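The structure appears right after this line, and notes come after that.
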Amino acid sequence: MGFKGTPVLDQLGQQFPLIDPRSLAGSAVIRLPGRPESVRRARDFTRSTLRDWLLPEQFDAVALVVSELVTNALRHAAGPAHAADGCGLPPVEMELMRSARRLVCAVQDGENSVPRIRRADSAAECGRGLHLVECFSDGWGWRPLTDGRPGKVVWAAFRIA
């Protein structure tokens, strides 16, 4: 389903203070095609990874955040400069990383747009995703890719009890 490694973390380079790569207790990565059903695949991947890491109690909050980050990546990173995968959306990569005290979900896409919390209209069908990420995680942020390619990594962190 995924593979072991730290490619998303590598993209963040030294700018990522949440988890020191030397303290990683686990990392799992999945490349998701640019299709709407990839959001469900990301949740399924999260469920199995957290179960393997003996962290099933984290699933509800992490799955909600994973859904929002992957949905945002698919929705907002669908620029014409990207190689399409299937239905015209570029693929995204998601990584779950854990240390003794922290779990991080990072989603990489090929778009340079800055993620922003927008003021959502109560009747709007979209615009609340990052509000949910902010509410259900212990912090979130983003960084541009560090290897010269266009794109960014959006991450959310969770404390592990």
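Being a predicted model, the structure only gives us computed values, none of them experimental.
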Straight-line distance of [X] [atom1] to [Y] [atom2], nearest 0.5 Å:
X: R47; Y: D60; atom1: CZ; atom2: CG; answer: 8.0 Å
X: Q108; Y: R31; atom1: CD; atom2: CZ; answer: 8.5 Å
X: I30; Y: T46; atom1: CD1; atom2: OG1; answer: 8.5 Å
X: R98; Y: Q58; atom1: CZ; atom2: CD; answer: 10.0 Å

Is there a donor-acceptor pair under 3.5 Å between the side chain of S137 and the backbone N or O of V133? yes
Exam field: side chain K152 to backbone D109, donor-acceptor pair closer than 3.5 Å: no
Start with the C-alpha distance between W140 and L69, add both sets of side-chain angles, then the distance that settles side chain to side chain contact (heavy atoms under 4.5 Å, CB included), and finish with yes or no. CA-CA 10 Å; W140 73 278; L69 293 181; 5.8 Å; no
Before giving the answer on side chain to side chain contact (heavy atoms under 4.5 Å, CB included), spell out for N72 and V154 the whole-Å C-alpha distance, their side-chain angles and the decisive distance to 0.1 Å. CA-CA 10 Å; N72 284 350; V154 181; over 6 Å; no
Contacts of type side-chain hydrogen bond (donor to acceptor under 3.5 Å, both in side chains), residue R40, not counting sequence neighbours: D44
Who pairs with T71 by side-chain hydrogen bond (donor to acceptor under 3.5 Å, both in side chains), at least two apart in sequence or on another chain? none
Quick check on the hydrophobic clustering: are V70 and V114 connected, directly or via other members, by side-chain heavy-atom contacts under 4.5 Å? yes
Name all residues meeting the side chain to side chain contact (heavy atoms under 4.5 Å, CB included) criterion together with [X]; count only those two or more places apart in sequence or in a different chain, and write none if there are none.
X: L64; result: L132, F136
X: R101; result: none
X: E57; result: L55

Identify, with sequence neighbours excluded, every residue that meets salt bridge (charged side-chain N to carboxylate O under 4.0 Å, His left out) alongside R159. D138
If every non-hydrogen atom of [X] is compared with every non-hydrogen atom of [Y], which pair is closest and at what distance?
X: L74; Y: P90; value: CD2-O, 3.9 Å
X: N112; Y: G151; value: OD1-N, 2.7 Å
X: R43; Y: F59; value: O-CE1, 3.6 Å

Would you call L130 and P115 a side-chain contact if the rule is heavy atoms closer than 4.5 Å? yes
Should R41 and L32 be marked as a side chain to side chain contact (heavy atoms under 4.5 Å, CB included) after you check the CA-CA gap, both sets of side-chain angles, and the distance that decides it? CA-CA 8 Å; R41 283 188 61 202; L32 300 160; 4.0 Å; yes
Where do V66 and F45 land on the side chain to side chain contact (heavy atoms under 4.5 Å, CB included) test, with the steps shown first? CA-CA 10 Å; V66 160; F45 177 76; over 6 Å; no
